[in-house]
Asker: 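Take a look at the following structure, please.
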There are 2 protein chains.
Amino acid sequence: MAHHNNGMTRDEKALMQALSRAISVVPRVLDADLQRDQQLPLTDYFALTYLSEAEGQRLRINEVATRLSMTISGATRTVNRLEALELVARERSASDGRGADVVLTDVGLKRLKAAWPSHRDSARRRVLDRLDANELAVLTKALNSIGAEPDDFDSTDCPPQS
Amino acid sequence: MAHHNNGMTRDEKALMQALSRAISVVPRVLDADLQRDQQLPLTDYFALTYLSEAEGQRLRINEVATRLSMTISGATRTVNRLEALELVARERSASDGRGADVVLTDVGLKRLKAAWPSHRDSARRRVLDRLDANELAVLTKALNSIGAEPDDFDSTDCPPQS
DNA sequence: GTGTTATAGTTGCCCAGTCAAGTAAATTCT
DNA sequence: AGAATTTACTTGACTGGGCAACTATAACAC
């Protein structure tokens with residue numbers, strides 16, 4: 001019953017619990033808010049946002065993937081969805097014919113502008129309003145420092161047993 | 001009210017960005033670590049953990065769902081997976097025949113014990129080692145306060161701390 | 001008792017996103 | 001130049017999990 005010494009402390013356990021709760025809950029509620037108000041999935045909204053901020057309102061697929069923290073194939077499918085709605089267009093890159101630039105369309109920009117207030121309010125209600133300035137700063141720094149590989153050991157081979 | 005009439009401040013934007021990155025990345029890396037080392041999905045690992053901590057090592061499906069922050073149907077499927085591996089068993093509840101208790105089996109407990117060091121190390125490497133004591137405390141509190149509905153939610157959601 | 005409503009789970013259907021394999025253009029090697 | 005390799009996606013197969021509809025039991029009304 002008791003904690004073993006080589007385990008986590010109570011505080012560490014509490015953090016991991018809080019983290020896994022937030023990880024499940026936050027994206028769901030933000031997405032639900034946006035879907036309800038704007039019929040736009042959160043991922044697609046973010047993709048539009050990143051495009052709107054990009055030079056020439058265009059990004060390569062892999063840049064979309066990076067910004068969304070998803071795989072390239074995931075980004076491909078996201079762009080497919082947006083393209084079907086004509087919120088973005090694919091343009092074969094002049095400089096590199098292997099892949100396409102994803103370009104924000106006028107419709108896409110309008111859609112983004114229309115969705116923005118809703119997402120902003122949602123983010124305030126669900127997240128921002130509940131944090132004071134200090135928490136905001138610490139949280140931002142802390143969240144940015146977790147997750148990524150400490151130092152890449154990708155060449156890990158198969159575990160002992162087969 | 002703040003002094004920005006329309007958008008978010010730079011800091012607020014940075015937070016939302018950090019949050020959405022962490023939300024994508026953290027579960028993926030923790031899950032990948034555990035799958036690689038223990039062939040056990042993170043969700044299933046957490047389910048086993050909650051069962052091991054429960055009175056009589058048993059929980060109703062809906063309690064599993066609550067702890068995992070997922071829907072009841074999601075929890076049903078998680079339990080199905082675990083049951084197929086014989087890590088848990090369903091037992092029709094004596095007191096309420098509508099549903100089942102999910103009981104941790106001996107095999108399940110062994111599996112959990114075997115997986116625990118791996119998950120602990122993973123959590124340290126990916127998360128805990130990168131935070132100092134103050135960050136840990138602030139982050140825990142902050143993460144616990146975000147997400148849930150502001151309007152109509154039970155104050156039981158705000159966890160007391162000792 | 002019978003009928004009605006509420007509750008606990010399960011199941012069918014769907015969607016987003018991952019991985020691995022495939023394709024096509026670009027780059028490097030010889 | 002042509003072959004080999006690397007890069008930049010795309011696609012097929014699959015998985016996890018959500019929603020809504022359904023089943024079975026329980027509880028309440030009469």
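Just so we're on the same page: letters track the sequence lines, and every chain starts at 1.
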Asker: Could you give the distance from CG (A:Asp121) to CG (A:Asp129), rounded to the nearest 0.5 Å?
Answerer: 9.5 Å

Asker: A:Thr78 near the nucleic acid: base, sugar-phosphate alone, or nothing, with a heavy-atom cut-off under 4.0 Å?
Answerer: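 Since only primed, P, OP1 and OP2 atoms lie under 4.0 Å of A:Thr78, the category is sugar-phosphate.
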
Asker: Quick one, A:Asn144 with B:Arg130, criterion side chain to side chain donor-acceptor pair (under 3.5 Å). Give me CA distance, side-chain angles, the key distance, then yes/no.
Answerer: CA-CA 10 Å; A:Asn144 273 325; B:Arg130 308 175 185 207; over 6 Å; no

Asker: Are the side chain of A:Glu86 and the backbone N or O of A:Glu83 linked by a donor-acceptor pair below 3.5 Å?
Answerer: no

Asker: What do the steps show when you test A:Leu59 against A:Asp101 for side chain to side chain contact (heavy atoms under 4.5 Å, CB included), and what is the final call?
Answerer: CA-CA 5 Å; A:Leu59 290 171; A:Asp101 282 0; over 6 Å; no

Asker: Among B:Asp33, B:Asp31, B:Asp37, which one satisfies side-chain hydrogen bond (donor to acceptor under 3.5 Å, both in side chains) with B:Ser122?
Answerer: B:Asp33

Asker: Which residues satisfy the side chain to side chain contact (heavy atoms under 4.5 Å, CB included) test with A:Glu135, sequence neighbours excluded?
Answerer: A:Leu131, A:Asp132, B:Val138, B:Lys141

Asker: List in numerical order all residues of residues 38-54 of chain A for which some heavy atom is under 4.0 Å away from an atom belonging to DNA chain D.
Answerer: none

Asker: Which parts of nucleotides 8-15 of chain C does protein reach within less than 4.0 Å, heavy atoms only, written one letter per nucleotide 5' to 3' as B for base, S for sugar-phosphate only and - for none?
Answerer: SSBBBB--

Asker: Check every nucleotide of DNA chain D for an atom under 4.0 Å from a heavy-atom of chain A, then give the first and the last such nucleotide from 5' to 3'.
Answerer: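 On DNA chain D, the outermost contacted nucleotides are D:dT7 to D:dG18.
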
Asker: To the nearest 0.5 angstrom, please state how far the CE atom of A:Met16 sits from the CZ atom of B:Arg124.
Answerer: 10.0 Å

Asker: Hey, can you pull the donor-acceptor pairs under 3.5 Å for the side chains in residues 40-55 of chain A, sequence neighbours left out?
Answerer:
from: A:Asp44; atom 1: OD1; to: A:Arg81; atom 2: NE; distance (Å): 3.3
from: A:Asp44; atom 1: OD1; to: A:Arg81; atom 2: NH2; distance (Å): 2.6
from: A:Asp44; atom 1: OD2; to: A:Arg81; atom 2: NE; distance (Å): 3.2
from: A:Thr49; atom 1: OG1; to: A:Tyr45; atom 2: O; distance (Å): 2.9
from: A:Tyr50; atom 1: OH; to: B:Gln17; atom 2: OE1; distance (Å): 3.1
from: A:Ser52; atom 1: OG; to: A:Thr49; atom 2: O; distance (Å): 2.7
from: A:Glu53; atom 1: OE2; to: B:Lys13; atom 2: NZ; distance (Å): 2.5

Asker: Would you name the heavy atoms of B:Leu139 and A:Leu139 that are closest together and state the gap between them?
Answerer: CD1-CD1, 2.9 Å

Asker: Please check: side-chain N/O of A:Ser24 versus main-chain N/O of A:Ser20, any donor-acceptor pairing under 3.5 Å?
Answerer: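 Yes, the answer is positive, given that a donor and an acceptor are paired below the 3.5 Å cut-off.
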
Asker: Would you mind reading off the bend of the helix from C:dG1-D:dC30 to C:dT30-D:dA1 from its two end axes, five pairs each, to 10 degrees?
Answerer: 10°

Asker: With rounding to the nearest 0.5 angstrom, report the OG1 to CE distance, B:Thr76 to B:Met70.
Answerer: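 B:Thr76 OG1 to B:Met70 CE: 10.5 Å, rounded to 0.5 Å.
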
Asker: Please determine whether side chain to side chain donor-acceptor pair (under 3.5 Å) holds for the pair B:Arg67 and B:Asn62, giving the CA-CA distance in whole Å, both sets of side-chain angles, and the decisive distance to 0.1 Å.
Answerer: CA-CA 9 Å; B:Arg67 283 168 174 72; B:Asn62 66 70; over 6 Å; no

